Amino acid sequence: MFGVDDEATEAAIRTYVKLMRATHAVSARTAPRLAAAGLTHTQLGVLEALLHLGPLTQRDLSRKILTSPGNLTDVIDKLVKRSLVERVACPEDRRSVRVVLTPHGQTFIQTIFPSHARDIAAAMSGLTAKDLATLDTLLRQLGTAAATPD
């Protein structure tokens, strides 16, 4: 491999490329249904986080769905325009704002999420339950190690 003469680095690069290709393939499998619903993956991530975790601040949402605060503001603005979420001032901290599903948003995400989950399962159907458990463990280890400064 050009510029790399370390076997461990080459193995890491090959694995990284496969991880990115797999991520792209799973995303491509779920994208058509989301597009039909007028959603991006990030918008769905916001709705799904609010469905499963309840109201969250934009800062907490940004951490949960792994997007920048600037991008998240734009995403939330678009969801607000569609009446799927609203911003509500936190009574205990007036400097903070929570993002909350509207009743329409609650119904919308509850309708679309089961199909989205089935799309993910179909995209990952090439793996056995044991494979999925192993991958889950490995990805958790990778995420923890990658987030730790050298």
Side-chain angles (χ1 to χ4, degrees), residues 11-150:
I13 291 169
R14 282 192 307 274
T15 303
Y16 172 80
V17 169
K18 289 175 183 130
L19 175 65
M20 298 309 294
R21 286 182 178 157
T23 299
H24 180 75
V26 172
S27 293
R29 184 84 176 256
T30 61
R33 190 180 311 272
L34 294 182
L39 293 174
T40 65
H41 279 95
T42 305
Q43 290 169 338
L44 177 87
V46 167
L47 296 174
E48 186 271 331
L50 296 174
L51 173 68
H52 291 108
L53 301 173
L56 295 168
T57 64
Q58 284 193 208
R59 169 183 258 172
D60 290 339
L61 266 171
S62 179
R63 290 179 186 146
K64 287 287 180 195
I65 64 168
L66 308 176
T67 192
S68 70
N71 183 51
L72 184 62
T73 297
D74 183 54
V75 168
I76 292 171
D77 286 347
K78 289 175 180 169
L79 294 172
V80 166
K81 284 181 186 172
R82 291 182 62 185
S83 300
L84 297 173
V85 301
E86 60 186 353
R87 291 179 174 99
V88 178
C90 295
E92 63 275 2
D93 181 0
R94 293 186 331 199
R95 297 169 297 166
S96 189
V97 174
R98 286 199 179 111
V99 180
V100 179
L101 284 172
T102 63
H104 173 61
Q106 180 87 23
T107 300
F108 181 79
I109 187 60
Q110 286 175 337
T111 300
I112 195 169
F113 187 75
S115 297
H116 178 69
R118 284 191 297 276
D119 289 344
I120 291 170
M124 298 182 80
S125 65
L127 300 177
T128 65
K130 184 178 178 184
D131 292 338
L132 288 170
T134 300
L135 183 59
D136 181 77
T137 299
L138 292 172
L139 290 173
R140 187 174 308 246
Q141 287 174 336
L142 174 61
T144 300
T148 304
D150 290 335

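Since this is a predicted model, take the numbers as computed values, not measurements.
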Using the salt bridge (Lys or Arg N to Asp or Glu O under 4.0 Å) criterion, which residues pair with [X]? Sequence neighbours excluded.
X      : result
Lys78  : Asp74
Arg59  : none
Arg118 : none
Arg87  : Asp77

N/O donor to acceptor pairs below 3.5 angstrom from side-chain atoms of residues 16-27, sequence neighbours left out:
from: Thr23; atom 1: OG1; to: Leu19; atom 2: O; distance (Å): 2.9
from: Ser27; atom 1: OG; to: Thr23; atom 2: O; distance (Å): 3.1

For Glu86 and Thr102 the tightest heavy-atom approach is N-CG2, 4.0 Å
Ile65 and Ala49 have their tightest heavy-atom pair at CG2-CB, 4.4 Å
Out of curiosity, [X] [atom1] to [Y] [atom2], how far, rounded to the nearest 0.5 Å?
X      : Y      : atom1 : atom2 : value
His116 : Leu44  : NE2   : CG    : 4.5 Å
Thr137 : Arg140 : OG1   : CZ    : 7.5 Å
Asp131 : Thr128 : CG    : OG1   : 3.0 Å

With sequence neighbours excluded, what pairs up with [X] under the side chain to side chain contact (heavy atoms under 4.5 Å, CB included) test?
X      : value
Ser125 : none
Ser62  : Pro69, Leu72
Ser96  : Thr57, Cys90, Asp93
Leu138 : Thr134, Gln141

Only residue of Ile76, Leu50, Leu47 satisfying side-chain contact (heavy atoms from CB on, under 4.5 Å) with Leu84 is Leu47
Sorted by chain and number, sequence neighbours left out, side chain to side chain donor-acceptor pair (under 3.5 Å) with Thr144 holds for none
Can I get a per-line list of side-chain donor-acceptor pairs under 3.5 Å for residues 31-40, giving both atom names and the distance, sequence neighbours left out?
from: Arg33; atom 1: NE; to: Asp119; atom 2: OD2; distance (Å): 2.7
from: Arg33; atom 1: NH2; to: Asp119; atom 2: OD1; distance (Å): 3.0
from: Thr40; atom 1: OG1; to: Thr42; atom 2: N; distance (Å): 3.4
from: Thr40; atom 1: OG1; to: Gln43; atom 2: N; distance (Å): 3.0

Polar side-chain atom of His52 near backbone of Glu48 as donor-acceptor pair, under 3.5 Å
yes
* To do: State, with a plain yes or no, whether a side-chain heavy atom of Thr67 is found less than 4.5 Å away from one of Val75.
  => no
Would you tabulate the side-chain donor-acceptor contacts of residues 104-111 under 3.5 Å, counting partners in other chains and residues two or more places apart, or write 'none'?
from: Thr107; atom 1: OG1; to: Pro103; atom 2: O; distance (Å): 3.2
from: Thr111; atom 1: OG1; to: Thr107; atom 2: O; distance (Å): 2.7

